[in-house]
Structure formats: structure tokens, C-alpha cells
Amino acid sequence: MKILTRLFVVVFPVVFSFGFVNAAVKTTNVNGLAGLFRKHSASLKNGDQQSLELSSLELARFYENSGLTGQSVKYFKDALDLQEKAGNTSAASRSSISIAFALQEEKDYAGALKYASSAAAKAERRDSLVSAYILMADLNRNLGNYKRAESIILRKALPICRGNASARIKCFRSLGNTYRLQSRYSEAKWFFIQENMQAREVNNRKAIISSLIGLGKVKTAIKDYDLAIKDLKEAEQLARLSGSTTALADIQRAFAIVYEKMGNLSVSKKFSRMSASSKAQADYLAERRSENAEKIVQEARSLTVQQPVTAPPVKESVKRIQEPAFNYSPVFIAAISGLISLILFLYLKKIQPLRSL
């Protein structure tokens, strides 16, 4: 009985708080997005170009983070048009690179390359320029332009990313993949090793996994199967710790190829099934994320229709977004949960002696 009592005292507030937080988050998201839609409509109505640019960027980022790429591109392009008209080249460069990444996700490599090149031409900061160059190289590789991809990294990106570990890691990875696809395995292996060493220095787990996958694929190609399996096992362990089902699917597919080349078809088929399962799980999670985002968009638009825009001043509109309804802080929720626990504990402790009489 005492165990059940303690479990009730501990679990009930947690479950209560979890449901309370979920309701608060969803309501906040819907109300916040509805406020953003109203702000955007009001800016269109009153012709406030600066506010319209900001709301377009906020909407673009919401859709981008939700996996709704098509809508994110639309709003990034709206913001880009306004930035170019205002002569804000630095902001235009950032919007162009965002569009390029989104189009890359959609596998529109030619379209993405156009915007990545534009971002590079407008970039005023070195890190923005390096990011644009690396993306241009990756897109050229996707289009089969290997020489161009190699040249962009060696002649443009690497010389200006000294001291930038993250950029250097991406340069090494880009070159490794470019050389591997050309069957230039010695060069590919060298650059994947550089990526791995740099990633370990800065404890970049994602890059460590990426480099190990690259090394595993290269070693499989040169028939160094034992070392390939060793690299892939470490990559698999790190991917599981990171919870990355996408990386796990790639690793399991690489395992399947290794064992197939070794003549162990039963193990190869096992890893092929595991890879397909991991990919299906990753696709399912991405689909659910997009579906949930679409529901939030529908609810937010419904609220916007119910509360039509009256073209309020920009400051008032922004204030409503920053102070959504149902905005309870984690500290407040924790306090309520603790209070419930204390009341339950004191009450149960009080009635315990009475039961013993």
C-alpha cells in the first residue's frame, strides 16, 4: 500500500503536468501562428514593407522547421523580393541560401544551384560565403559536375575557412564524397580521415558518424572489408546514441553491401531489411511532423478568419504574438505540480494512522 501511495504521489503530478504542458504548447503554437498570420495580413494592408519582410521570414522559418518545404520557399522568396528592392544585400544573401537549401531538400538541384550562386555573389560575411560555396559544390556533385565541385572547394571554400572548424569539416566531407563517386578512393579516404580527425577534435558527433560512413564505403570499395565493418559498427553505435534513424538506415544499407560483397547473403538481406525499416521509421516521423504542422496551420487560419484583421499598428501586432494566450512558464507548471504532490502527501500521511487503529 505504501508503494502504491508513493507511486501515486509521484506519478500523478507528472502525468498532470505532461498533459498540461502539451495543451499549453499546442495552444501557444496555434495562437502564435494565428497572430503571425494577422500581422502578415495587416502589413500587406498598411503597406509596411519592413514588417512584411519580418513576418515573411518568420512564416518561412516556421514552415522550414515543420518540414513544409514548398511553403517555406514561397515566403523566403517574398522576403527576398523585399530585401532586393530595399538594397539589403546581406539579408538577400541569407534568404537566397535558405531557398537553395530548401530546393536541395526537394531535389531541385538546378534551381538550388541558381540561388546558392546568387547567395555567394551577395554575401558580405566570410561564413556566409563559405556556406554558399560548399552548397554550390554539393549541388554540382549531385548534378554530376565533379570537376566543378572539386574546384569550388579547393580554390574558393577551403582557402577562406581557416579557423572555422565546422566549415572545414564540411569541405573535407564534400571532397571525400566527390572523389568517392569518381572511384578516386585514395583521395576520398584521405579527406574522410581529415573530416573524422577534425570532428573528433571539436566533438561533432554528427560529423564523426558521417566520416565513418564515408570511410566504410571507401574501404568496402577497395575490398578492405574487416576495417569497413569496424568503421560502420562505430558509426552505428553513435547513430543509435544520437537517435538518428536516417543515419542508421544509411549505415545498415552500407553493412548490407559489405556482407553481400563478402558472399554472406543471409546477413546482407538481414541488414537490407533493417535499413528499409529504419528508413520507413524516419519517413513516418517526418510525415507526422508535417501533418501536425499542417493541422496547426489550419487551426491558426481558422482563428484568423474568426478574428478578422483591422490593420492594427505593427507594435500592437507584435505584442500579441509575443504574449500568446495560455502562456504558462515551466517554473509555474513545476510549482503547481509540486504543490499537488505536497497536498497529496500530507493528506495520505494524515489518513495512514487512522487506518492502523
Side-chain angles (χ1 to χ4, degrees), residues 25-26 28-44 48-86 88-123 125 127-128 131-136 138-139 142-143 170 206 244-246 282-304 317-318 321-322 324:
V25 167
K26 185 177 179 184
T28 301
N29 284 344
V30 171
N31 284 323
L33 188 59
L36 187 53
F37 280 137
R38 286 193 289 271
K39 172 188 173 184
H40 190 70
S41 297
S43 301
L44 281 168
D48 188 329
Q49 300 295 293
Q50 186 177 4
S51 178
L52 185 60
E53 178 197 337
L54 291 174
S55 61
S56 295
L57 286 172
E58 288 179 77
L59 286 167
R61 291 187 189 109
F62 167 80
Y63 284 114
E64 179 184 47
N65 294 332
S66 303
L68 302 174
T69 311
Q71 287 296 312
S72 76
V73 169
K74 174 190 177 301
Y75 284 105
F76 273 127
K77 284 183 176 179
D78 288 346
L80 177 60
D81 287 341
L82 292 166
Q83 290 158 352
E84 287 179 337
K85 286 176 184 175
N88 190 343
T89 53
S90 181
S93 176
R94 291 193 297 273
S95 293
S96 294
I97 199 73
S98 296
I99 295 169
F101 277 117
L103 292 176
Q104 183 189 37
E105 285 288 313
E106 296 285 295
K107 300 192 185 307
D108 180 2
Y109 301 132
L113 183 57
K114 171 189 166 186
Y115 281 98
S117 301
S118 176
K122 295 169 186 170
R125 291 167 53 95
D127 56 347
S128 299
S131 180
Y133 281 151
I134 295 169
L135 181 56
M136 286 169 64
D138 290 344
L139 291 167
N142 290 332
L143 292 167
K170 291 174 183 176
K206 185 177 178 181
S244 175
T245 50
T246 303
D283 291 344
Y284 172 76
L285 291 172
E287 189 177 332
R288 284 297 304 272
R289 181 170 62 113
S290 297
E291 286 175 358
N292 289 336
E294 285 172 351
K295 286 178 184 177
I296 289 173
V297 169
Q298 289 173 2
E299 291 181 39
R301 288 197 182 279
S302 176
L303 279 178
T304 307
S317 178
V318 173
I321 296 166
Q322 292 173 340

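Note that the structure is a prediction, hence the values are computed from the model and not measured.
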Which residues share a side-chain hydrogen bond (donor to acceptor under 3.5 Å, both in side chains) with Ser95, sequence neighbours left out: Gln83

All side chain to side chain contact (heavy atoms under 4.5 Å, CB included) counterparts of Lys206, not counting sequence neighbours: Asn204

Heavy-atom side-chain proximity of Leu59 to Leu33 below 4.5 angstrom: yes

Any side-chain heavy-atom pair of Arg301 and Val297 under 4.5 Å: yes

Main-chain N/O of Lys114 paired to Ser118 side chain as donor or acceptor, under 3.5 Å: no

Min side-chain heavy-atom separation Ser90-Asn88 under 4.5 Å: yes

Close side-chain approach of Ser117 to Met136, heavy-atom, < 4.5 Å: yes

Side-chain touch His40/Leu52, heavy atoms, less than 4.5 angstrom: yes

Donor-acceptor contact present, side-chain Asp48 to main-chain Leu44, <3.5 Å: no

Short side-chain donor-acceptor distance under 3.5 Å, Arg94 and Ser98: no

Partner set under salt bridge (Lys or Arg N to Asp or Glu O under 4.0 Å) for Asp81, not counting sequence neighbours: none

Residue pairs, two or more places apart or on separate chains, that pass side chain to side chain donor-acceptor pair (under 3.5 Å) and touch residues 286-296: Tyr284-Arg288

Side chain proximity check, Asp138 to Gln104, heavy atoms < 4.5 angstrom: yes

Side-chain donor/acceptor of Ser93 to backbone N/O of Thr89, under 3.5 Å: no

Residue list, side chain to side chain contact (heavy atoms under 4.5 Å, CB included) with Ala282, at least two apart or on another chain: Thr245, Thr246

Other residues, nucleotides, ligands: >12 heavy atoms within 6.0 Å of Lys74 NZ: yes

Atom CD of Gln50 with >12 non-hydrogen neighbours under 6.0 angstrom: no

Residue from Leu80, Leu139, Ile97 passing side chain to side chain contact (heavy atoms under 4.5 Å, CB included) with Tyr115: Leu80

Non-neighbouring partners of Lys122 that pass salt bridge (Lys or Arg N to Asp or Glu O under 4.0 Å), sequence neighbours left out: Glu84

Beyond-backbone contact of Leu103 with Tyr109, side-chain heavy atoms, under 4.5 angstrom: no

Expected output: side-chain Ser43 to main-chain Lys39 donor-acceptor under 3.5 Å: yes

Donor-acceptor contact below 3.5 Å, side chain Ser41 vs main chain Arg38: no

Heavy-atom side-chain contact between Ser131 and Phe101 under 4.5 Å: yes

Ring geometry between Tyr75 and Tyr63 (parallel below 30°, tilted from 30 to 60°, perpendicular above 60°): parallel

